[in-house]
Amino acid sequence: MELDGAGLTCAQVHEVAYGGARVTIASLDRARAAWVTAQELTSPVYGRSTGVGANRDVVVAGAGLDLLRSHTVAAGPPIPPARARAMLVVRLNQILAGGSGVDPAVCLALARAINHGYTPPLHTYGAIGTGDLTALATTALCLLGELPWHHDPPASRAHAPTPSRRGPRHPLTSDDALPFISSGAATLADAALACHRLGHLLDAAMDVAVMSFTAVDASPEPLAAVVQEARPQPGQAVVAARLRGLLAPEPTTRVQDPYGFRAFAQVHGAALDTLGRAVTTIETDLNAATENPLFAASLAWHNGNFHSAPVALALDALRAALVQTAQLSTSRLATLMDPAYTGRLPFLADRPGASGALILEYVAQDALATLRHLAGPVTTGTAVISRGVEDHAGFATQAARHALSCVEPLELVLACERTAATRALRAPGPDRPLTADLEDSRSALSPG
């Protein structure tokens with residue numbers, strides 16, 4: 001995978017993190033231009049000739065490495081190597097985009113780390129959407145040899161990573177310190193991974209819905225092209241067209257079906273639109289110079305490009321949309337338990353009074369409750385730190401973390417619906433544990 005600072009996608013971040021993709025560097029020209037600009041400046045520059053935060057007016061010299069040490073802390077559960085690898089590829093691509101002022105040779109060290117299975121030992125807590133300072137300071141100390149890398153080579157990724165002092169080194173200077181950590185690369189990495197995986201689930205949800213439509217003989221009338229043309233929402237049109245192509249256009253005896261079927265295109269289409277906006281927002285920042293200061297046009301530009309408000313807002317909307325599409329899935333699941341719609345015994349049982357697939361409703365509602373909890377907006381809060389100088393926070397870090405956490409419960413909700421629909425399309429067997437059935441459905445929903 002060739003990185004050039006301009007074309008990195010959520011799917012590519014996922015491929016590096018989990019798929020073993022190797023990276024190459026197209027050109028260091030933009031990174032080198034920013035570095036040269038930084039070297040030539042004599043005026044005060046935040047974080048290079050001054051302290052940071054409330055110490056911005058304090059003139060300092062050669063304190064950058066102490067900045068890295070002071071900003072390194074391990075708090076909370078460790079981050080899996082795949083997510084740390086995703087952060088490395090995001091930060092590498094950002095530096096290639098230009099503007100950071102970091103020595104461009106660090107890009108070669110980051111690429112070696114990615115390709116040879118070295119990741120920094122990251123932990124969960126320490127960022128509020130204004131820069132992933134603890135994660136990147138930890139990475140910097142690994143490059144300096146002051147902290148061990150985790151070694152997780154592609155051939156042994158089924159095993160736990162091991163500490164290693166033999167990972168790639170780069171002699172970051174004091175001037176490189178603040179520019180290297182002034183980035184939301186870890187947050188963007190989580191956001192990219194979440195969007196990629198949630199995109200697969202939202203796509204798979206349409207196939208699950210087709211199974212439920214078929215199982216209850218739901219009317220395809222709400223999916224008709226004339227209906228979609230009357231309200232031309234783009235995602236809605238995509239969903240309706242997908243289902244029209246998969247369902248037999250046969251009339252049913254019911255005038256109208258429950259909302260889980262009749263409004264599926266509208267609700268699920270809105271989720272697809274929201275995902276699309278989130279992907280666009282995140283991929284913009286994957287390839288942007290979100291640096292403070294920004295070294296460009298022969299000057300250092302002090303700015304707020306590091307602020308994560310666009311990403312946080314996009315992910316808040318996405319998590320809310322996931323709840324709506326999951327709610328309709330549980331509605332279809334309830335319909336599948338009703339003999340008035342399936343023509344089978346209640347709960348898809350094999351005999352009167354048996355529980356059949358009833359427990360799937362409990363599992364789905366439990367997972368849905370978790371999704372509702374994760375959908376709470378992060379953008380309604382803020383923080384004031386560093387003696388009041390840093391007086392707002394985007395909390396995109398938490399939004400991305402919650403979005404990643406949404407993958408499992410959404411998959412479970414859809415798996416419950418799929419398991420019930422599969423049972424409804426066949427002759428239900430006697431009562432038995434449904435664990436294997438549910439795992440089969442989860443496997444079918446997975447991209448592999």
Side-chain angles (χ1 to χ4, degrees), residues 8 10 13 16-17 47 52-53 64 67-95 97 99-102 106 110 113-114 119-143 147 149-150 172 176-195 281-282 284-294 303-312 314-315 378 383 385-386 390 392-405:
L8 187 62
C10 294
V13 172
V16 171
V52 299
L67 175 71
L68 298 177
R69 296 169 186 132
S70 69
H71 280 57
T72 296
V73 60
I79 296 294
R83 287 170 58 193
R85 193 159 39 249
M87 181 201 72
L88 292 179
V89 75
V90 172
R91 190 60 184 132
L92 169 55
N93 195 66
Q94 289 176 324
I95 295 172
S100 73
V102 175
V106 76
L110 292 176
I114 294 164
T119 55
L122 305 185
H123 289 257
T124 300
Y125 298 106
I128 56 175
T130 55
D132 295 311
L133 304 178
T134 62
L136 288 162
T138 299
T139 305
L141 292 189
C142 289
L143 288 167
L147 285 178
W149 294 91
H150 278 167
L172 290 165
D176 292 324
L178 187 279
F180 184 78
I181 69 174
S182 182
S183 158
T187 295
L188 287 172
D190 279 355
L193 296 175
C195 282
T281 299
I282 291 157
T284 296
D285 276 10
L286 291 178
N287 300 285
T290 57
E291 316 287 348
N292 177 46
L294 174 72
N303 68 88
N305 272 351
F306 57 85
H307 199 289
S308 63
V311 172
L315 292 177
V378 304
I385 60 176
S386 194
E390 298 173 4
H392 191 264
F395 290 104
T397 305
Q398 289 68 33
R401 192 184 300 156
H402 291 346
L404 262 180
S405 296

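Quick note: residue numbers are just sequence positions, from 1.
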Do you know the tightest heavy-atom contact between [X] and [Y]?
X: A400; Y: A191; answer: CB-N, 3.7 Å
X: V311; Y: I282; answer: CG1-CG1, 4.4 Å
X: A17; Y: A86; answer: CB-CB, 3.9 Å
X: T119; Y: P81; answer: CG2-O, 3.6 Å
X: S308; Y: G394; answer: OG-CA, 3.8 Å
X: T134; Y: G126; answer: CG2-O, 3.7 Å

Hey, does the side chain of [X] reach the backbone of [Y] with a donor-acceptor pair shorter than 3.5 angstrom?
X: D190; Y: R401; answer: no
X: R91; Y: F180; answer: yes
X: N93; Y: L286; answer: yes
X: H123; Y: G76; answer: yes
X: Q398; Y: A127; answer: yes
X: S100; Y: P179; answer: no

Answer yes or no: is there a side-chain heavy-atom contact under 4.5 Å between [X] and [Y]?
X: L178; Y: P293; answer: yes
X: L141; Y: P120; answer: no
X: T187; Y: F395; answer: no
X: M87; Y: L136; answer: yes
X: L315; Y: C195; answer: yes

First locate atom [atom1] of [X], then atom [atom2] of [Y], and finally report the distance between them rounded to the nearest 0.5 Å.
X: D285; Y: L8; atom1: CG; atom2: CG; value: 12.0 Å
X: I181; Y: L133; atom1: CD1; atom2: CG; value: 5.0 Å
X: D132; Y: T138; atom1: CG; atom2: OG1; value: 11.0 Å
X: I79; Y: Y125; atom1: CD1; atom2: OH; value: 9.5 Å
X: F306; Y: T130; atom1: CZ; atom2: OG1; value: 6.5 Å
X: T124; Y: R83; atom1: OG1; atom2: CZ; value: 6.5 Å

message: Tell me which one of L147, L122, L172 satisfies side-chain contact (heavy atoms from CB on, under 4.5 Å) with T139.
response: L122

field: Trace of the side chain to side chain contact (heavy atoms under 4.5 Å, CB included) decision for V378 with H402
entry: CA-CA 10 Å; V378 304; H402 291 346; 4.2 Å; yes

Working for side chain to side chain contact (heavy atoms under 4.5 Å, CB included), residues D176 and V106: CA-CA 10 Å; D176 292 324; V106 76; over 6 Å; no

message: Under a 3.5 Å threshold, yes or no: a donor from one side chain and an acceptor from the other, between N305 and N292?
response: no

